[in-house]
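The structure appears below as structure tokens.
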Amino acid sequence: MSQQSTIFPLKVSDLTVRKRGKTILSKINLTLNQSGFTVVMGPNGSGKTTLLRVMHGLERPRQGSVEWSVSTEDARSRQAFVFQTPVMMRRSVLDNVAYPLILRKQSRAQARQSARHWVETVGLADNLNLDAKMLSGGERQKLAIARGLIESPDVLFLDEPTTNLDGRSIREIEAIIAAANSEGTKVIMTTHDIGQAKRLASEVVFLNRGEICEHRPAADFFDRPESPAAKAYLRGDIVE
Ligand SMILES: Nc1ncnc2c1ncn2[C@@H]1O[C@H](COP(=O)(O)OP(=O)(O)OP(=O)(O)O)[C@@H](O)[C@H]1O
Ligand SMILES: [Mg+2]
């Protein structure tokens, strides 16, 4: 194969996103490497979801650029994105997970075999043949993560994957994501859960009002936040 070993580094340069006259992201400059676990934090409305969507190519920047080390098209095919509320297709759990491989023209038998592995890995083996629309919120997140990982992406984007889940589901999902990351998948994740960010992040990007306030190794960020907004956020103050 002539494929490059990684689509990283990702270089976001002078990125500005506007919607309906409002500036959502402003002059973002950010370089992310293949290694590590990047957590994007910041108050509601600070632009976290938008940043992930632009990096993945779901939204176009008004100004500036998002560049991978390979063409945008190649890069896109090596990324998976798990939405905050994943869409379940009206078919079995197994076929939901197999779907990305079917789209890539793998045989149904091969796709299902691989899907079976991922369904088991994320702990949904008991629900293999269940209509995916019957799954609980936590189970849907696990399915969506399996559906992302089945493509062996270079990067898995996760937008608040554990909001509203109970402790056990959070722990299980964190373990799945951490395992994928330690096997080489870059993870870029948003979360409001400070404890979760401390458990998982190797680096933190902190956004406030559409601007990057900090981009630092996680340990530094949590021990010595520098920006007033991050300090307040970590203290639990209301950041406006
Ligand atoms: N289509 C749109 N039109 C206008 N404004 C939008 C649109 N989509 C998002 N916004 C605004 O952009 C800002 C950033 O939204 P975004 O969803 O990226 O924030 P976030 O940091 O992910 O917030 P949260 O923590 O609530 O998920 C918000 O003020 C939001 O209202
Ligand atoms: Mg969001």
Side chain proximity check, [X] to [Y], heavy atoms < 4.5 angstrom:
{"X": "Ile177", "Y": "Leu158", "result": "yes"}
{"X": "Leu207", "Y": "Ile212", "result": "yes"}
{"X": "Leu128", "Y": "Val119", "result": "yes"}
{"X": "Leu165", "Y": "Gln141", "result": "yes"}
{"X": "Asp74", "Y": "Trp68", "result": "no"}
{"X": "Phe222", "Y": "Val204", "result": "yes"}
{"X": "Leu149", "Y": "Val122", "result": "no"}
{"X": "Pro43", "Y": "Asn208", "result": "yes"}

More than 12 heavy atoms from other groups under 6.0 Å of [atom1] on [X]:
{"X": "Arg62", "atom1": "CZ", "answer": "no"}
{"X": "Arg53", "atom1": "CZ", "answer": "yes"}
{"X": "Asn164", "atom1": "CG", "answer": "no"}
{"X": "Met134", "atom1": "CE", "answer": "no"}
{"X": "Arg168", "atom1": "CZ", "answer": "no"}
{"X": "Leu103", "atom1": "CG", "answer": "yes"}
{"X": "Arg76", "atom1": "CZ", "answer": "yes"}
{"X": "Gln84", "atom1": "CD", "answer": "yes"}

Can a donor-acceptor pair be found between the side chains of [X] and [Y] at a distance below 3.5 Å?
{"X": "Asn96", "Y": "Arg91", "result": "no"}
{"X": "Glu203", "Y": "Thr38", "result": "yes"}
{"X": "Thr190", "Y": "Asp159", "result": "yes"}
{"X": "Ser136", "Y": "Glu139", "result": "yes"}
{"X": "Lys186", "Y": "Ser35", "result": "no"}

I'd like to know if [Y] and [X] are part of one continuous hydrophobic network [Ile/Leu/Val/Met/Phe/Trp/Tyr, side-chain heavy atoms within less than 4.5 Å].
{"X": "Leu10", "Y": "Val40", "result": "yes"}
{"X": "Leu51", "Y": "Phe206", "result": "no"}
{"X": "Met88", "Y": "Ile145", "result": "yes"}
{"X": "Ile150", "Y": "Leu135", "result": "yes"}
{"X": "Phe157", "Y": "Ile28", "result": "yes"}

query: Which residue pairs satisfy the ring-ring contact (aromatic ring centres under 6.0 Å, His included) criterion with at least one member in residues 99-130, sequence neighbours excluded?
result: none

field: Donor-acceptor contact below 3.5 Å, side chain Asp193 vs main chain Gln196
entry: yes

message: Looking at Thr6 and Phe8, would you say the former's side chain and the latter's main chain have a donor-acceptor pair under 3.5 Å?
response: yes

Could you check whether [X] pairs with [Y] (Lys NZ or Arg NE/NH1/NH2 to Asp/Glu carboxylate O, under 4.0 Å)?
{"X": "Asp95", "Y": "Arg112", "result": "yes"}
{"X": "Glu120", "Y": "Arg116", "result": "no"}
{"X": "Lys133", "Y": "Asp131", "result": "no"}
{"X": "Lys19", "Y": "Glu59", "result": "yes"}
{"X": "Arg216", "Y": "Glu214", "result": "yes"}
{"X": "Arg78", "Y": "Glu151", "result": "no"}

- request: Decide yes or no on salt bridge (Lys or Arg N to Asp or Glu O under 4.0 Å) for Arg199 and Glu174, but give the supporting numbers first.
  value: CA-CA 9 Å; Arg199 288 189 292 277; Glu174 286 185 6; 2.7 Å; yes

